[in-house]
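Right, one structure below, let's go through it.
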Amino acid sequence: MFSTTVTADQFMQAITDTLYMVGMSLFVGALIGIPFGILLVVTRPGGVLESKWLYSILNPVINIIRSLPFIILLVAIVPFTRLIVHTSIGTSAAIVPLIIYIAPYIGRLVENSLLEVNPGILEAAEAMGATPFQVIWYFLLPEAIGSLILSLTTATIGLIGATAMAGTVGGGGVGDLAIVYGHQRFDTVVVVATVIILVIFVQGIQSLGNTLARKIRRY
Amino acid sequence: MIELKDVYKTYTRKGISNEALKGIQLKVEKGDIFGVIGYSGAGKSTLIRLVNYLERPTKGQVFVEGHDLGAYSVKELRAAKKNIGMIFQHFNLLESKKVFDNVAIPLVLLKKNKNEIRERVLELLKFVGLGDKAGSYPSELSGGQKQRVGIARALASNPSILLCDEATSALDPQTTRSILQLLKQINAEYNITVMIITHEMSVIQEICNKVAVMEEGRIIEQGSVLEVFGHPKHPTTQNFVKTVIQNSITNSVLKSLKTEPGSQLYKLELVGQCASEPIIYQMIRSYDVKVNILFANMTEIQETTLGKMIIQLNGEATEVNNALSFLKNNGVGVEGVEKHVFNYSYS
């Protein structure tokens, strides 16, 4: 009853694949998403770089990408993926849609974090004659840093969920293992084991995020 | 120094426009501590934000040191702002940075070198009485200490003007007094022009030399504090003055007050020198009148004593008239009033 056909090596491979996909797409996604979030805040009406047209393009674009279910996005952008990584299957191929999925999400989270900054601080910055770049760099980002870390934590956990679907393009990973070996072949041991691994992942990342945020805030 | 010429400010939101300022004329001279007082919604916050162009006037001009702020380019305006420090009701300090770094920010924006910044920040912290708090976070400080950090930050770039936006409204009376003393010291030692907006008359009384009273987007009265406190003309101004200078007979005195035939009530005003002379004594000695003092109050404004008195005089008409002339000749303001004036009054 407690037998399984999945080997320890397969588990290890799945864990490595998940970590690789999450790590890479988080890194690149943040690189794209954070500037987007900043732009959303500074170009909005009343922002330090108010720009009606830029905001009215960025805002709906992010909403459109975010409203696509990941599984649809994954398949829909196969040609684009092929263009970027020269293949449409495998772990690397999964990373491209993961980035496109997570970057707008990070943008939105960053926007929320930055909007939490006390507007009085921005007023003080403006009264000091700070340039828009200085407002962002010396006032907005330092005041939001704790909240930004928590946002990235949320994004990371969202990514772990999305990687489960990466199996559709042969991406591998823990989630894929659970679906293909556990769910589709009725292998309870695999289902339980993968769930435990995912729970540990999520718990670990959340605790790490909380600790970092608390340490950096120090106030 | 600071001059607002026929300034209007209109906010338009969803097609509904709201006139916050309606034709403001204002002049602040170098070295002034200029107070602007008004109830919430009078437009004082908008007014002070025009001086450093956090708000742009819809119509009219704002001059600072002779320059029209509206004629500046964005870059020139940023440079001009470094000459105008500002402190806020809720301090607006960066919670994520230590006191030292908060005060250093204006200098970092000016790209000063590290040693210079260090020296200046420590000097400023010492000046505001927080020499030992450089390494603390704002959350570890009291309200008064936070405002001191705000003041040090505002002074960092050596401005010639300091704007105070309800700077003491979130503080207790004792802390308010100490912050006001600090502002007074800044004005005196660095010759920085200070502009304060407040809804507390005591703030004006304590440190301002000039005051403007605002209501519904207009300045309804302005002048030297002594003038405005001594002779408030507009009812709103009178209400503000009443909050710091009691100027009416208390209800219990009023109730037991007998109006005999031939008796009359007078309001007396004694300013400066004549407030310290034994004038009432001399009057009683020289004229055959009965004097009943119903109310007396002395207030110091701008190092000048302002005395208010309400007396009842009873006697022969000629003696009363002579006594009144005596008072007037000695520089006392005299105004005959009826008892009913004091009914239903603020007490």
Side-chain angles (χ1 to χ4, degrees), chain A residues 34 37-38 41-52 55-56 110 112-152 209-219, chain B residues 13 45 48-49 51-55 72 74-99 101-111 135-141 146 149-150 153-157 159 161-166 170:
Chain A
I34 291 174
I38 294 172
V41 172
V42 297
T43 61
R44 71 170 45 229
V48 287
L49 278 174
E50 188 174 336
S51 164
K52 225 173 200 168
Y55 182 74
S56 57
V110 166
N112 288 341
S113 292
L114 296 181
L115 286 177
E116 276 168 31
V117 171
N118 170 12
I121 284 171
L122 302 183
E123 188 175 45
E126 229 188 300
M128 281 177 214
T131 63
F133 173 78
Q134 287 174 328
V135 173
I136 295 166
W137 190 251
Y138 292 109
F139 296 85
L140 206 49
L141 291 177
E143 281 301 274
I145 190 82
S147 171
L148 284 172
I149 287 172
L150 292 177
S151 289
L152 286 179
N210 288 349
T211 312
L212 268 177
R214 201 175 323 120
K215 267 208 170 140
I216 273 193
R217 269 180 174 157
R218 290 206 40 203
Y219 54 84
Chain B
R13 188 172 286 173
S45 273
I48 202 162
R49 279 168 176 70
V51 178
N52 59 358
Y53 248 49
L54 289 180
E55 300 278 2
Y72 277 140
V74 176
K75 216 173 159 186
E76 287 170 323
L77 189 62
R78 277 191 203 119
K81 281 179 180 174
K82 311 222 187 262
N83 186 36
I84 307 172
M86 190 170 190
I87 58 173
F88 305 87
Q89 179 175 6
H90 298 296
F91 326 118
N92 296 347
L93 303 176
L94 281 99
E95 297 289 329
S96 58
K97 303 225 181 229
K98 289 179 179 168
V99 166
D101 298 307
N102 265 288
V103 177
I105 275 198
L107 302 168
V108 172
L109 299 185
L110 283 166
K111 301 187 175 73
S136 303
Y137 283 91
S139 59
E140 297 159 13
L141 304 180
K146 284 182 194 172
V149 176
R153 181 176 70 176
L155 295 179
S157 58
I161 296 169
L162 179 62
L163 304 178
C164 311
D165 177 18
E166 296 275 8

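Source: prediction; values computed, not measured.
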**Study point:** Portion of B/Leu94 that has a non-hydrogen atom of chain A nearer than 4.5 angstrom
**Key:** both

Check your understanding: Is the backbone N or O of B/Glu95 less than 3.5 Å from a side-chain atom of A/Glu143, with the two atoms forming a donor-acceptor pair by type?
Key -> yes

Practice item. Mind listing the closest non-hydrogen atom pair of B/Lys97 and A/Tyr138 along with its distance? Key: CE-O, 4.1 Å

Point to revise | Best-contacting candidate, B/His90, B/Arg153, B/Met86, against chain A by heavy atom pairs under 4.5 angstrom | key: B/Arg153

Check your understanding: Which heavy atom of B/Ser96 sits nearest a heavy atom of A/Pro142, and at what distance?
Key -> OG-O, 3.2 Å

Check your understanding: Between B/Leu109, B/Leu163, B/Ile105, B/Asn52, which residue shows the highest count of heavy-atom pairs closer than 4.5 Å to chain A?
Key -> B/Leu109

Practice item. Could you look at B/Leu110 and say if it's the side chain, the backbone, both or neither that has a heavy atom under 4.5 Å from chain A? Key: neither

Review point. Between A/Leu122, A/Ile121, A/Val117, which has the largest tally of heavy atom pairs under 4.5 Å with chain B?
Key: A/Ile121

Study note, to complete from the structure: Comparing B/Gln89, B/Arg78, B/Lys81, B/Lys82 against chain A, the one with the most heavy-atom pairs below 4.5 Å turns out to be B/Arg78

